[in-house]
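Here is the structure we will look at, set down as structure tokens.
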2 protein chains.
Amino acid sequence: MAKRPTIIDVAKLAGVSKATVGRVINGQNDIVSEDTRSRVMHAVKQLGYERNAVAGSLRTDRTFMIALAIPDITNPFWPEVARGVQDAIEAQGYATVTVNTDWQPEREQKYLTMVRRNRFDGLIVNPIEASRTDLLNIHIPVVILGSGGYYPDMDSVGSDTAAGVDTALNHLLELGHRRIALITGRPSRNNRVRSRHDAYVAFHAKHNLQINQDLIIEKDFSEHSGYEAMHQLLHLDNPPTAVFAANDILAIGALKGAQALDWHVPEDVSIVGMDDIYAAATTSPSLTTIIKPKYETGVKAAEYLLARMSGDNIDQGRHILLPCELAVRGSTAPPRDI
Amino acid sequence: MAKRPTIIDVAKLAGVSKATVGRVINGQNDIVSEDTRSRVMHAVKQLGYERNAVAGSLRTDRTFMIALAIPDITNPFWPEVARGVQDAIEAQGYATVTVNTDWQPEREQKYLTMVRRNRFDGLIVNPIEASRTDLLNIHIPVVILGSGGYYPDMDSVGSDTAAGVDTALNHLLELGHRRIALITGRPSRNNRVRSRHDAYVAFHAKHNLQINQDLIIEKDFSEHSGYEAMHQLLHLDNPPTAVFAANDILAIGALKGAQALDWHVPEDVSIVGMDDIYAAATTSPSLTTIIKPKYETGVKAAEYLLARMSGDNIDQGRHILLPCELAVRGSTAPPRDI
DNA sequence: GCCATCAATGAGAACGTTCTCATTAAGAAC
DNA sequence: GTTCTTAATGAGAACGTTCTCATTGATGGC
């Protein structure tokens, strides 16, 4: 590899000091004469000089790079969140290293080490098991994706899942459903707040509805789990007339499970999902779902982080839950037995 | 921010030189005595020392970071490719900065500048308009995602799209279809090789089938375009009995277009897509499609890049097209008029 | 005992930028 | 003419690691 020109080469060619070259390339035009500036720019162009960000980072202790740690970029929920982060971060001259924890704590720890060693300026993370102390120990700004309950010092951006569940169940209630099942996922270690489950319970209390434990199924977040859960539900003596699934992938599995048993959706059983991934609108019938503001979540998290990296030093973390929205498509209808 | 311990602090505490500390933390155990090594590691632990990768990068001119430039992480095709790259790259101690060109040349150029200034060790790119010279001028290893026709010096990894089209059309031919339409996307500037279109033409020549230009529709790659194209096709005096769409998003649009006209799929018209995105398996009927090996493409590209970054200096680029596979699902059947 | 070899370690320069403090020259005020 | 102020620029240290060459001490061979 040919040696690349440095500011010393530029300084020699322009007949100025390297400090002056530095002033010119960093845009400090108020303290450099036009004549000097012109000579420097001429030399820069002639030599094809390009600033070495690594050297600058060593001197300033700022890399203009951040890490985004999400469970899995191939999970349809996350690309839009990532895109929101990337867009907002890049607009301020930063770059994003995106990593996949795969819901594994060891991987999460590995990435925290990476962040420290590379002197990244910030971290946006959907935590698996990382404790508050773990995250404070990297000594850079951290923004939490999801609810920030366990991280009071840090900013967090999540969706108002509880309100979303309420909206979904209310939609079903207004259609006339009284026997509504819940297919939900297993909470991760740090998410002991089982927000979907709790919201389901609260909804039943609010509307003086009896809870039937047979109508609550907890499995991992996969399409296959949704399929199996639906089979379980539809084989009950008294099956539900509607099902709320904790995310669209579970809901798609539930839809396939119903159809495999020749149950018609929505005539025989209604289904509501959550997330609004692309596939939710392509099923037949297309899924009624709760839209989570994925891109906006990413943008907001990035904004919080950028503010922190710019010197904002608020001790108490900011916690925001972005509102969800109901998208009524083809998977819900009044129950047959009205 | 508290000052972090450096190797000078460790050296002082362990009573050795900083060169010796460097030898220990870089694992050069063969030339350091066990006693010395132990003292150093003790001091490292006591001080909580962590290597500063930025300083190392400045000295060695290696960042152990690469850039991955794709059109859009939210397009369902790309997350798996990205995941393949990330997994293979990380396994060798590198980190990946993923950027979105949005099919815009100016963004692409912006990212090339970013790569140069940050002294990244390599680049994997699905090019928009970047020329061979552009890519050679960054003076680091580059691997092309897609066919590498315009970049003979660089390694490239693509899918064997032509063979995939052939397979799709053959599947339809074997079902008895003779009037097969093609919905394809507009080629980008550097992809004048219209591989899907050319493969469609070649297939017809091979089987002595007449080409009807009315059955070839070229629009941008969106679901809406697929919907409109299907409407156009089904309104012909002599509509096709089958449609091959250039990707799954087009195919999903085509499916919705047919259903909106009360055409049954696959009874009235068969549809084949390409890519095998998640949504292709969730439509009803689920889409018969050509599976592109997305994750494997990413892994292979990363392997080529890693080899280059390790010193491989082959002048002629390696070009590989990974095989595609037919996934027969519910959107294809024999034509009605047999 | 002397010399050569090798293992183990140390000293200091290098990487390329940024920043701080010093210097110089020009202009204005007295 | 002298003094003060300000704009413009320069010199050199700093950032934290890696690497090269030098040094030292121990051991083995003659």
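First the proteins, then the strands, lettered A, B, ... as listed; each starts at 1.
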## Note on the structure
DNA chain C nearest-nucleotide lookup for B:Ser17 and A:Gln28: closer to the 5′ end is B:Ser17
### Of residues 49-60 of chain A, the positions that come close to DNA chain D - non-hydrogen atoms, cut-off under 4.0 Å
A:Leu58, A:Arg59
### Query
Which two nucleotides bound the region of DNA chain D that has atoms under 4.0 Å from heavy atoms of chain A, read 5' to 3'?
D:dA8 to D:dG16
#### Entry: 5' priority, DNA chain C, between A:Ile7 and B:Arg37 [closest heavy atom]
B:Arg37
### Task
Could you name each residue pair satisfying ring pair (Phe, Tyr, Trp, His ring centres under 6.0 Å) that touches residues 53-73 of chain B, not counting sequence neighbours?
B:Phe64-B:Tyr94
### Task
Validate the cation-pi geometry between A:Arg132 and A:Tyr150: distance from NZ or CZ to the six-membered ring centre under 6.0 Å, angle to the ring axis within 45°.
no
### Query
Is A:Arg318 close enough and on-axis enough to A:Tyr304, meaning under 6.0 Å and within 45°, for cation-pi?
yes
### Task
Calculate, to the nearest 0.5 Å, the distance between atoms CG and CG belonging to A:Asn52 and A:Leu58 respectively.
10.0 Å
### Query
When you measure from the side chain of B:Arg62 to the backbone N and O of B:Ser57, does any donor-acceptor pair fall under 3.5 Å?
no
Listed pairs, N/O of protein and of nucleotides 25-28 of chain C, under 3.5 Å:
none

### Message
For A:Asp35 and A:Lys18, find the nucleotide of DNA chain D closest to each by heavy atoms; which residue's nucleotide sits nearer the 5' end?
### Response
A:Asp35
### Query
Would a distance-only check, ignoring hydrogens and angles, find a side-chain to backbone donor-acceptor pair under 3.5 Å from B:Asp102 to B:Gln104?
no
### Query
For DNA chain C, what residues of residues 111-119 of chain B have any heavy atom nearer than 4.0 Å?
none
### Query
Got A:Pro71 and A:Asn126 here, is their nearest side-chain heavy-atom distance under 4.5 Å?
yes
### Task
Would you check if the side chain of A:Asn26 reaches a backbone N or O of A:Gln28 as a donor-acceptor pair within less than 3.5 Å?
no
### Message
Looking at B:Arg117 and A:Glu50, is any side-chain nitrogen of the basic one under 4.0 Å from a carboxylate oxygen of the acidic one?
### Response
no
### Query
If only atom types and distance count, is the side chain of B:Thr101 paired as donor or acceptor with the main-chain N or O of B:Ile70 below 3.5 Å?
yes
### Message
Between A:Arg83 and B:Asp72 (salt bridge meaning N to carboxylate O under 4.0 Å), is one present in this structure?
### Response
yes
### Check: B:Thr96 side chain, B:Ile66 main-chain N or O, donor-acceptor pair, under 3.5 Å
no
### Query
Applying the side-chain contact (heavy atoms from CB on, under 4.5 Å) test to B:Thr297, which of B:Leu322, B:Leu321, B:Val85 qualifies?
B:Leu322
### Task
Could you tell me whether B:Asp30 contacts a base, only the sugar-phosphate backbone, or nothing, with contacts defined as non-hydrogen atoms closer than 4.0 Å?
sugar-phosphate
### Task
Decide yes or no for B:Val97 and B:Phe120: does some side-chain heavy atom of the first lie under 4.5 Å from some side-chain heavy atom of the second?
yes
#### Entry: Salt-bridge criterion met for A:Glu34 and A:Arg37 (N-O under 4.0 Å)
yes
### Five-pair end axes of the helix from C:dG1-D:dC30 to C:dC30-D:dG1 and the angle they enclose, rounded to 10°
50°
